[in-house]
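Reviewing the structure listed below.
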Amino acid sequence: MPFEELSIRKVTLRPAHILAPMAGITDTVFRRFIKRLGGCGLIMTEFVSSEGMLRRNLKSERFLYYTEEERPISAQIFGAEPAHLAEAARMIEDLGFDMVDLNLGCPAKKVVKCGGSGLLRDLPLLGRIFHGIRGAVKIPFTVKIRSGWSDEEIVAVEVAKLAEDSGVEAIAVHPRTRLQGFSGRARWELIREVKQSVGIPVIGNGDVHKPEDARALFDQTGCDAVMIGRAAPTNPWMFRQLADYFSAGHYTEPTDADRYRLIRTYYQMLAEEEIPGAIGKMKQFASWFTHGVRNGADLRRRVQSANHPREVITLVDDFFAGPVTSPPLAEFPAPL
Ligand SMILES: Cc1cc2nc3c(=O)[nH]c(=O)nc-3n(C[C@H](O)[C@H](O)[C@H](O)COP(=O)(O)O)c2cc1C
């Protein structure tokens, strides 16, 4: 069965379905919410700046908050200064995370100047970073890459080999280039090339929107685990559906009652945690999630004008008290 289980040393992912790190989305509340729905074997934090961590920046500390329920959990860091990244990785280990991951994929201008996919253009520096982090921690160390800077500079296989030689224990590949951003398609054939070139586990990522896509990814690449990003906030059942599809050959679509319970549960969790920006997250989630619901635009509009988390919950209760139907869920709008 594809993606039944994967062990990265002592950390077992069962099943090998991973929630991708997504800045602004995969905070502790969203991670627990996904975990409780079932079918997800590993969750990751949003990326955290190693420089921010060393400065004990409040935001970085908030990003690194997690609960026991979230295990196994990996923390993702970014940066470009080998000694600082090594120190940040040590802090991640001290905080009790199960694994540490290095971001080599972020395409944002602000980030590529000091890490992210910018490092794919400087392999000697990358080698020093790998060795620094490897020497600093005992927990498994993984990396997540894009395929390269541009179509002319595809370095996925080279980076994967460098990573393996440096003691990195798994590599996630999102096979788009930095210049590509989120346009076009993810070139899964590059995941296959990486899989054929290294012995460490390869995690396939990119454009998996439904269980059938995960099956095709496995068939085409032979990757060891699947990582899901944008499909998670539009269809949080995705992981459960994946598990059902692989074990029973079929999966069910959520009912109206499921949808109501889901949005209500997530909002309740956000309100109870009183996390900063809860109202903004509610608005964001409403705009992804209600696209598939009849009269969803009406709910979206009302949620957008709300001022308090409790007010949003009341709006959702009132909305679902009336009849609703569920056309297919919407595609997640890709960021620029
Ligand atoms: C809003 C958003 C935020 C993201 N933040 C991160 C991040 O913090 N770290 C990272 O490695 N990738 C990040 N990504 C990339 C995803 O992890 C993933 O590689 C990408 O979305 C492709 O997978 P998908 O097609 O399943 O969405 C982000 C993507 C999105 C859409």
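One-based numbering, in listed order, for ligands and for the atoms of each. Only heavy atoms go into these numbers, but all of them, side chains included; no hydrogens, no water, no symmetry mates.
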### Query
Looking only at N/O atoms, are F182 and ligand 1 under 3.5 Å apart anywhere?
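No, since none of the N or O atoms of F182 sits under 3.5 Å from an N or O of ligand 1.
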#### Entry: Heteroatom proximity flag, I25 to ligand 1, N/O under 3.5 Å
no
### Query
Taking the six-membered ring of F182, is the NZ or CZ of R146 close enough (under 6.0 Å from the centre) and on axis enough (within 45°)?
yes
### side chain to side chain donor-acceptor pair (under 3.5 Å): pairs with one or both residues in residues 122-132, sequence neighbours excluded
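Qualifying pairs: none.
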### Query
Which side chain to side chain donor-acceptor pair (under 3.5 Å) pairs, counting each pair once, include a residue from residues 73-86, with sequence neighbours left out?
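For residues 73-86: E51-H84, Q76-D101, Q76-N103.
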### Task
With heavy atoms under 4.0 Å as the rule, classify the contact between M22 and ligand 1 as side chain, backbone, both or neither.
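For M22, backbone and side-chain atoms both sit under 4.0 Å from ligand 1.
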### Region of Q76 that comes within reach of ligand 1 [heavy atoms, distance under 4.0 Å]
side chain
### Task
Answer yes or no: is there a donor N or O on one side and an acceptor on the other, between the side chain of R178 and the main chain of S117, under 3.5 Å?
no
Atom pair [atom1] ([X]) and [atom2] ([Y]), whose distance is rounded to the nearest 0.5 Å:
X	Y	atom1	atom2	value
Q284	I279	CD	CD1	12.5 Å
I43	T26	CD1	OG1	9.0 Å
F78	L85	CZ	CG	9.5 Å

### Task
Report, as yes or no, whether the 6.0 Å neighbourhood of atom CZ on R71 holds more than 12 heavy atoms from other residues, nucleotides or ligands.
yes
Proximal ligand 1 atoms for [X], defined as those under 4.0 Å from one of its heavy atoms:
X	result
K144	10 (C), 11 (O), 12 (N), 15 (C), 16 (C), 17 (O), 18 (C), 19 (O)
A20	17 (O)
G206	23 (O), 25 (O)
R230	21 (O), 24 (P), 25 (O), 26 (O), 27 (O), 31 (C)
D207	24 (P), 25 (O)
H174	19 (O), 20 (C), 22 (C)

### Task
Determine, considering heavy atoms only, which of G229, P21, A108 sits nearest to atom 14 (N) of ligand 1.
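Considering heavy atoms of G229, P21, A108, the nearest to atom 14 (N) of ligand 1 sits in P21.
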